[in-house]
Student: 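Got a structure for you, questions after.
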Protein chains: 2
Amino acid sequence: MQHSTLKAILKKNGSSLTRTRRLIFDLLDGQDPQSMQVLISRAAGQLDRATIYRTIELFERLGIVHRLNIGWKYKIELSDVFTGHHHHLHCSKCGKILDLPSNPMLETMIDTLATKAEFAPRNHILEIYGLCPACKQAGSK
Amino acid sequence: MQHSTLKAILKKNGSSLTRTRRLIFDLLDGQDPQSMQVLISRAAGQLDRATIYRTIELFERLGIVHRLNIGWKYKIELSDVFTGHHHHLHCSKCGKILDLPSNPMLETMIDTLATKAEFAPRNHILEIYGLCPACKQAGSK
DNA sequence: AAATTATTGCGACAGATTTGCAAATATAAT
DNA sequence: ATTATATTTGCAAATCTGTCGCAATAATTT
Ligand SMILES: [Mn+2]
Ligand SMILES: [Mn+2]
Ligand SMILES: [Zn+2]
Ligand SMILES: [Zn+2]
């Protein structure tokens with residue numbers, strides 16, 4: 001639904017919005033973070049593996065997506081530009097990843113702490129691990 | 001310098017502190033987070049690749065080390081037990097990784113926000129990206 | 001010391017990511 | 001619209017990363 005923004009970002013960097021790129025964007029839009037393997041299999045028959053890697057690399061370079069590490073592997077999700085800034089709650093039991101909307105107090109505190117350390121913060125990633133509501137329930141029976 | 005703590009953790013889990021394990025621990029002690037490739041090359045001639053992977057896996061399982069997300073790779077550092085809980089400031093320019101000591105207010109706020117979302121937080125990772133003091137200076141000349 | 005158990009090295013291997021290059025597409029110039 | 005130019009994609013091969021089975025070594029127990 002944000003193809004115009006996507007196109008603008010690409011154009012600004014001298015690239016164009018091709019069928020391939022729209023397809024990959026759509027695979028990510030509105031979904032949980034996706035692994036490369038899932039993206040590759042969802043695009044099977046339409047796109048080559050190498051193209052997907054190259055496109056994700058391009059998207060990351062232009063700030064369209066970013067990578068999240070999940071244990072050993074990583075997953076891809078659209079960047080804050082498309083989703084709004086948020087953090088993640090990772091359930092250690094069922095593996096689900098929930099979004100935690102950003103909180104102004106928290107954001108301010110993070111920037112303040114970094115600044116006090118003479119650092120110039122630009123952005124950050126906060127991943128919280130624990131039990132999701134469902135698994136927390138199940139555990140306390 | 002914390003070989004006794006290391007030995008205790010290993011013993012508690014039915015493993016022993018071998019020369020190999022002490023060597024890998026020492027490669028991590030006091031250093032910035034290390035990539036597997038660096039660990040492997042630093043131990044070249046002394047330890048096999050497979051042994052290093054197996055040892056890091058063991059260390060992680062026992063909470064001796066943990067993995068850190070750096071872009072789409074990861075690096076290893078000693079866990080909070082040895083370093084104290086802290087976060088990281090990543091310089092986007094020179095690549096340096098600085099430690100940011102944990103702050104009680106921040107920790108509380110993170111746990112509170114997760115709890116409000118019906119989640120049971122156990123731990124978290126906060127990585128801040130931006131410019132380190134040196135690069136910030138250089139940029140504003 | 002002998003027996004038992006844990007640890008390590010050494011291939012071989014499977015999966016993930018990258019690369020070179022030719023074919024296909026898109027964009028710019030007649 | 002056609003031709004020239006630059007970008008993008010697919011395909012196959014190469015490389016890198018992490019894993020596994022198994023025999024050799026080292027540590028622990030009897
Ligand atoms: Mn998200
Ligand atoms: Mn650190
Ligand atoms: Zn869960
Ligand atoms: Zn720097």
Side-chain angles (χ1 to χ4, degrees), chain A residues 3-4 6-28 33-77, chain B residues 3-4 6-28 33-77:
Chain A
H3 287 175
S4 54
L6 173 62
K7 187 170 184 176
I9 295 176
L10 285 164
K11 175 156 287 179
K12 182 170 51 161
N13 287 277
S15 297
S16 48
L17 177 50
T18 62
R19 189 176 45 75
T20 293
R21 289 167 183 164
R22 187 163 24 234
L23 198 158
I24 293 178
F25 181 89
D26 289 344
L27 285 177
L28 292 166
Q34 312 267 313
S35 67
M36 289 305 288
Q37 299 91 292
V38 166
L39 289 177
I40 290 169
S41 71
R42 292 233 177 119
Q46 313 189 65
L47 299 178
D48 186 76
R49 218 163 56 255
T51 301
I52 298 178
Y53 278 108
R54 283 189 284 230
T55 302
I56 292 296
E57 191 204 339
L58 172 70
F59 279 10
E60 189 178 31
R61 191 150 35 80
L62 304 189
I64 294 166
V65 303
H66 65 100
R67 297 173 201 239
L68 279 198
N69 275 53
I70 315 288
W72 306 82
K73 311 286 173 146
Y74 62 83
K75 295 189 175 181
I76 309 292
E77 74 171 350
Chain B
H3 288 174
S4 54
L6 174 62
K7 185 169 185 176
I9 296 176
L10 286 164
K11 175 155 287 179
K12 182 171 51 165
N13 287 276
S15 297
S16 47
L17 177 51
T18 63
R19 188 176 48 75
T20 294
R21 289 169 183 162
R22 186 161 26 230
L23 198 158
I24 293 178
F25 181 89
D26 289 344
L27 284 178
L28 293 166
Q34 312 268 313
S35 67
M36 290 306 284
Q37 300 89 294
V38 167
L39 289 177
I40 291 169
S41 70
R42 293 233 176 120
Q46 313 189 64
L47 298 179
D48 187 76
R49 203 152 41 92
T51 301
I52 297 178
Y53 278 108
R54 282 188 286 230
T55 302
I56 292 297
E57 190 204 342
L58 172 70
F59 279 10
E60 189 178 32
R61 188 151 37 80
L62 303 190
I64 294 166
V65 303
H66 67 100
R67 295 172 203 244
L68 207 62
N69 320 326
I70 314 287
W72 61 99
K73 308 287 174 158
Y74 61 82
K75 295 188 176 182
I76 309 292
E77 73 171 351

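Keep in mind the model is a prediction, meaning the values are calculated, not measured. The figures that follow rest on heavy atoms only: side chains count, while hydrogens, waters and symmetry mates do not. Below, chain A is the first sequence line, B the second, and so on; all start at residue 1.
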Student: Let me check the geometry of the helix from C:dA1-D:dT30 to C:dT30-D:dA1. What is the bend angle between the axes at its two ends, five pairs each, to 10°?
Tutor: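 The end axes of the helix from C:dA1-D:dT30 to C:dT30-D:dA1 are about 30° apart, to the nearest 10°.
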Student: Between B:Ser16 and A:Ser16, which has a closest nucleotide on DNA chain D that is more 5'?
Tutor: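 It is A:Ser16 whose nearest nucleotide is closer to the 5' end.
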Student: Could you state the atom-to-atom distance from CZ of A:Arg21 to C1' of D:dT8 in whole Å?
Tutor: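 In whole Å, D:dT8 C1' lies 6 Å from A:Arg21 CZ.
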Student: Say whether, by atom type as modelled, one donor and one acceptor occur between the side chain of A:Arg21 and the main chain of A:Ser16 under 3.5 angstrom.
Tutor: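 Checked: pair present.
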Student: More 5' along DNA chain C: B:Gln46 or A:Thr18, using each one's nearest nucleotide?
Tutor: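 Closer to the 5' end of DNA chain C: B:Gln46.
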Student: Using a 4.5 Å cut-off on heavy atoms from C-beta on, say whether the side chain of B:Thr55 contacts that of B:Leu47.
Tutor: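 They are not in side-chain contact.
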Student: A:Ile40 has an atom CD1; how far is it from atom P of D:dG10, in whole Å?
Tutor: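 That distance rounds to 12 Å.
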Student: Does a nitrogen or oxygen in the side chain of A:Thr20 sit under 4.0 Å from OP1 or OP2 of D:dT8?
Tutor: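 No, because none of the side-chain N or O atoms of A:Thr20 sits under 4.0 Å from OP1 or OP2 of D:dT8.
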Student: Which atom names give the shortest non-hydrogen contact between B:Pro33 and B:Leu68, and what distance separates them?
Tutor: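 Smallest interatomic distance, heavy atoms only, reads CG-CD2, 3.6 Å.
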Student: Please name the pair of heavy atoms, one in A:Ile40 and one in A:Ile52, separated by the smallest distance, quoted to 0.1 Å.
Tutor: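 That closest heavy-atom pairing would be CA-CD1, 3.7 Å.
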Student: Whole-Å distance between C:dA23 C1' and A:Asp48 CG?
Tutor: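 Going from CG in A:Asp48 over to C1' in C:dA23 covers 13 Å.
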Student: Go through the side-chain N and O atoms of B:His66 and B:Glu77 and say whether any donor and acceptor fall under 3.5 Å apart.
Tutor: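 A donor-acceptor contact under 3.5 Å links the two side chains.
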Student: Contact between B:Arg22 and B:Leu17 at the side-chain level, heavy atoms closer than 4.5 Å - yes or no?
Tutor: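 Yes, their side chains come closer than 4.5 Å.
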Student: Find the distance A:Ile24:CD1 to D:dT9:P and express it as a whole number of Å.
Tutor: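 Going from A:Ile24 (CD1) to D:dT9 (P), I get 8 Å.
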Student: Does any non-hydrogen side-chain atom of B:Leu58 lie less than 4.5 Å from one of B:Ile64?
Tutor: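 Counting from C-beta outward, B:Ile64 and B:Leu58 never come under 4.5 Å.
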Student: Rounded off to whole Å, could you give me the CD-to-C1' distance for the B:Glu60 and D:dT19 pair?
Tutor: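 Answer to the nearest Å: 16 Å.
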Student: What's the CZ-P distance between B:Arg22 and D:dA26, to the nearest Å?
Tutor: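 Rounded to whole Å, this separation is 15 Å.
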Student: Can you say whether a donor on the side chain of B:Arg49 sits under 3.5 Å from an acceptor on the base of D:dG18, or the other way round?
Tutor: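 Counting by modelled atom types and ignoring angles, a donor-acceptor contact under 3.5 Å is found here.
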Student: When you measure from the side chain of B:Asn13 to the backbone of B:Ser15, do you find a donor-acceptor pair of N or O atoms at a distance under 3.5 Å?
Tutor: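 Absent.
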Student: Hey, is the side chain of B:Thr51 poking within less than 4.0 Å of OP1 or OP2 on C:dG9, counting only N and O atoms?
Tutor: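 Yes, such a contact exists.
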Student: Considering just the side-chain nitrogens and oxygens of B:Ser15, establish if one lies under 4.0 Å of OP1 or OP2 belonging to C:dT7.
Tutor: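 The answer is yes; a side-chain N or O of B:Ser15 sits under 4.0 Å from OP1 or OP2.
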Student: May I ask you to list the residues of residues 52-59 of chain A, by number, that have any heavy atom positioned under 4.0 Å from an atom of DNA chain D?
Tutor: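 Within this stretch, A:Arg54 sit under 4.0 Å of the strand.
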Student: List the atom of B:Glu57, the atom of B:Arg67, and the distance in Å for their closest heavy-atom pair.
Tutor: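 Here B:Glu57 and B:Arg67 meet closest at CA-NH2, 4.5 Å.
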Student: For C:dT7, does OP1 or OP2 lie under 4.0 Å from any side-chain N or O of B:Arg19?
Tutor: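 Indeed not, no polar side-chain atom of B:Arg19 lies that close.
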Student: Looking only at side-chain N and O atoms, does A:Gln37 come under 4.0 Å of OP1 or OP2 in C:dG15?
Tutor: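 No, because none of the side-chain N or O atoms of A:Gln37 sits under 4.0 Å from OP1 or OP2 of C:dG15.
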Student: If I take atom CG in residue A:Asn13 and atom P in nucleotide D:dT7, what distance separates them, rounded to the nearest angstrom?
Tutor: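 Atom-to-atom, A:Asn13 to D:dT7, this comes out as 13 Å.
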Student: Looking only at non-hydrogen atoms, find the nearest pair between B:Leu28 and B:Ile76 and report the distance.
Tutor: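 What the structure gives for the nearest pair is CD2-O, 3.7 Å.
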Student: Could you tell me the separation between the NZ atom of A:Lys11 and the C1' atom of D:dT7, rounded to a whole number of Å?
Tutor: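 Rounded to the whole Å, the gap is 14 Å.
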